[in-house]
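In this text the structure is predicted, and so the values were computed from the model without any measurement. Atoms considered below: every heavy atom in the structure, side chains included; atoms not considered: hydrogens, waters and symmetry mates. Throughout, a chain's letter reflects where its sequence line sits, starting with A, and its residues are numbered from 1.
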There are 2 protein chains.
Amino acid sequence: MSQEQAESGRRARPARSKSSVTLLDVAREAGVSLATASRVVNGSVSRRPAPELIEKVTEAAVRLGYSANASAQAIARGVNSVVGLIVSDIADPYFSSIAAGVTAEAEEQGLLVTLASTKGRPNREVDYLSALRRQRPMAILLVGSRRADPAAEQRLSQELRAFREDGGRAAAVSQPTLGIDTVAVRNAEGAADLARALVAQGHTSFGVLSGPADLQTAADRVAGFRGGLRAAGARLAAKNLQHGGFTRDGGKQAARELLTRSPDIGCLFAVNDVMGIGAMSAARELGYRVPEDLAIAGFDDIPSAADTFPPLTTVRLDLEAVGRDAMRFVLEQPGAGTPRVKYVTGDVVLRPSTTR
Amino acid sequence: MSQEQAESGRRARPARSKSSVTLLDVAREAGVSLATASRVVNGSVSRRPAPELIEKVTEAAVRLGYSANASAQAIARGVNSVVGLIVSDIADPYFSSIAAGVTAEAEEQGLLVTLASTKGRPNREVDYLSALRRQRPMAILLVGSRRADPAAEQRLSQELRAFREDGGRAAAVSQPTLGIDTVAVRNAEGAADLARALVAQGHTSFGVLSGPADLQTAADRVAGFRGGLRAAGARLAAKNLQHGGFTRDGGKQAARELLTRSPDIGCLFAVNDVMGIGAMSAARELGYRVPEDLAIAGFDDIPSAADTFPPLTTVRLDLEAVGRDAMRFVLEQPGAGTPRVKYVTGDVVLRPSTTR
DNA sequence: GTGAAAGCGCTAACAT
DNA sequence: ATGTTAGCGCTTTCAC
């Protein structure tokens with residue numbers, strides 16, 4: 001406002017450039033050097049300017065409406081106060097709950113979160129990883145089940161290694177197979193506990209709704225459930241395992257097929273809640289009363305699991321805490337060393353959907 | 001691998017700096033100039049290098065594991081391929097669905113999305129806006145109801161104005177009062193339609209569960225509902241309006257209070273589905289059968305609304321489309337002109353929760 | 001304590 | 001078609 005803009009002796013600035021106020025503008029307005037201005041706006045630790053200069057610069061900054069350019073700071077400092085977050089599907093309550101934990105923790109650290117949703121496409125996972133890598137985020141979080149896709153997993157690991165060699169930190173919420181710190185849910189154990197609890201409730205005939213065949217999380221839960229059943233003296237007939245999409249509709253469809261094939265299954269375990277909710281819908285449409293004719297259980301304890309009718313028996317996970325834990329992993333990451341693994345266990349929550 | 005690193009004649013690089021491969025490294029490795037290397041890695045339109053050079057550079061880049069530094073590009077180009085997204089609560093299905101639409105559309109444009117979740121704190125909204133502004137994103141999307149908080153709204157508008165003056169684009173999903181392009185839900189109309197439909201179903205005694213008193217969205221829905229009732233010859237008793245948190249638990253709590261005060265309300269309208277779901281839970285605990293003793297309706301049609309029991313009557317919004325629309329707004333934003341408004345209407349979906 | 005100036009990695013004029 | 005080089009906005013030595 002008080003300075004003439006045209007006096008610049010520099011080359012004309014490119015047309016595409018935004019006309020925003022720079023630190024240099026602030027410095028001039030305050031009558032100090034660029035260095036001093038920098039020291040006050042970012043509160044340098046080593047050198048602290050005189051109180052009066054601090055005031056002059058601060059005033060100039062607000063008067064001019066100065067907003068620091070994070071890209072320039074990132075490039076000058078070598079690190080960016082951003083963390084990348086890759087999830088399978090942000091619209092899925094499982095992931096959005098974890099994302100909530102991540103953003104909450106990030107906020108406390110003054111970090112911004114850049115989000116990518118892969119929709120389950122393994123290629124996109126790698127693509128996003130390299131796109132995020134270009135932002136030089138201080139850390140990248142990978143949230144989602146590993147897959148039995150050696151090629152994709154291989155590329156992912158390479159990209160992650162490269163990122164870490166450049167000084168980036170990384171952590172995952174999945175299975176501990178990526179060579180990075182990971183928060184791992186004890187899926188098999190949780191499912192086994194559930195199986196035992198179900199048998200204890202008196203259920204004898206089981207069916208399982210699993211997700212895509214190559215999803216590690218789904219496989220682990222199925223294996224755990226099967227093991228738990230066996231330990232309790234029951235068993236899962238091979239033909240009573242049905243794969244489907246890892247979504248509500250996938251669960252609904254899978255339930256339809258399974259119940260058509262094996263109409264008198266007494267208890268259905270869906271490897272996650274959204275599938276379980278879909279199964280409930282299918283069961284009802286097929287004329288089953290839940291839980292009288294058919295008991296249904298899920299896994300995760302997403303918020304809506306308690307609001308279905310009847311409320312869904314499941315294995316509770318503190319999803320937001322999982323997100324926070326992953327974030328903490330990258331914050332307190334040591335220089336090197338073997339990747340750490342934090343196991344989180346799920347608690348069986350018996351609700352009316354399996355009451356007998 | 002093939003080059004010695006120590007030969008650098010420059011000043012020692014700062015210790016904090018990541019040791020990543022730069023474009024200059026690639027250029028040297030390929031035996032070309034920096035400019036040429038730049039032209040091939042980003043596929044400059046005007047000048048395209050000879051095929052053999054392209055090959056040499058590309059090879060060198062992969063051999064060295066080069067990853068462009070987005071911050072440096074942003075600063076050199078003047079624009080950043082990032083869009084900022086501010087939502088009230090990423091764990092809430094309403095917002096995560098919209099976020100899914102935003103990220104999907106962003107992906108198609110090769111844009112990354114930086115997410116901020118305010119948890120309904122008006123101050124945080126402004127704080128995040130200025131934090132995002134520092135990233136110099138090509139656009140910022142604001143998703144969430146406006147509030148009757150003049151001071152906060154004022155600061156928000158100022159910050160937005162500054163952002164736009166610097167060349168940033170902005171759009172909102174809320175009420176069109178921010179002076180920027182906005183996707184606005186016809187809340188009053190949707191609620192009015194719902195009210196009429198409910199009266200047509202034979203309901204005569206109503207109660208309303210609203211959100212925080214200063215939330216515009218909640219206020220609009222209440223006003224619309226009240227108007228619709230009147231138009232249909234019914235009315236809402238003043239004492240039958242209960243405020244509460246805009247969440248499941250808020251709805252549950254509000255329903256408890258309202259039903260205790262006016263036990264024989266026949267039909268409850270919760271201003272959003274999550275509150276409606278909470279209300280259902282409360283009603284059940286208080287011994288009401290839904291819908292026989294008490295009908296309940298919500299608004300939004302979040303995914304789980306169809307899976308409650310009985311399924312929830314509501315006003316359907318295509319949330320993902322709303323997110324895409326907001327994103328499109330900023331993509332096709334004209335230089336200036338009056339802010340555009342895209343109104344989206346909700347469709348009443350009658351489900352068993354209000355069957356009479 | 002303050003300022004001058006050398007970068008940070010990259011793009012885009014501007015030559016050649 | 002290439003290469004040179006001047007920035008982009010900021011941080012941080014390094015002198016004073």
Distance check needed: [N] [atom2] versus [X] [atom1], whole Å only.
X     : N      : atom1 : atom2 : value
B:L53 : D:dA1  : CG    : C1'   : 9 Å
A:Q73 : D:dC8  : CD    : P     : 17 Å
B:N80 : C:dT11 : CG    : C1'   : 14 Å
A:K56 : C:dT2  : NZ    : C1'   : 12 Å
A:R77 : D:dG9  : CZ    : P     : 16 Å
B:N69 : D:dG9  : CG    : P     : 16 Å
B:E52 : D:dA1  : CD    : P     : 13 Å
A:L24 : D:dT11 : CG    : C1'   : 14 Å

Considering every strand and a 4.0 Å limit on heavy-atom distances, what is the contact class for [X]: base, sugar-phosphate, or nothing?
X     : answer
B:T36 : sugar-phosphate
A:A68 : sugar-phosphate
B:L34 : base
B:A35 : base

**Prompt:** Does the side chain of A:S67 come under 3.5 Å of the side chain of B:R136 through a donor N or O and an acceptor N or O?
**Reply:** yes

**Item:** Pair A:T182-A:R340, side-chain donor/acceptor within less than 3.5 Å
**Value:** no

**Request:** Tell me, yes or no, whether the heavy-atom count around A:R48 atom CZ, taken from other residues, nucleotides or ligands under 6.0 Å, exceeds 12.
**Result:** no

**Message:** With nearest nucleotide decided by heavy atoms, which residue, A:L23 or A:R47, maps closer to the 5′ end of DNA chain D?
**Reply:** A:L23

**5' priority, DNA chain D, between B:P49 and B:A72 [closest heavy atom]** = B:P49

**Message:** To the nearest 0.5 Å, what is the distance between CD on B:E320 and CG on B:D325?
**Reply:** 11.0 Å

**Message:** Quick one: does any side-chain atom of A:D166 pair with a main-chain N or O of A:F163 as donor and acceptor, under 3.5 Å?
**Reply:** no

**Request:** Give a yes/no answer on whether the side chain of A:S38 brings an N or O atom under 4.0 Å of OP1 or OP2 in D:dT11.
**Result:** yes

**Fill in**
Of C:dC10, C:dT11, D:dC10, the nucleotide closest to the side chain of A:T22 is D:dC10

**Prompt:** Given C:dT11, C:dG3, D:dG9, which nucleotide is nearest the side-chain atoms of B:A76?
**Reply:** C:dT11

**Message:** With hydrogens left out and only the distance checked, is there a donor-acceptor pair under 3.5 Å joining B:R39's side chain and the base of D:dG3?
**Reply:** yes

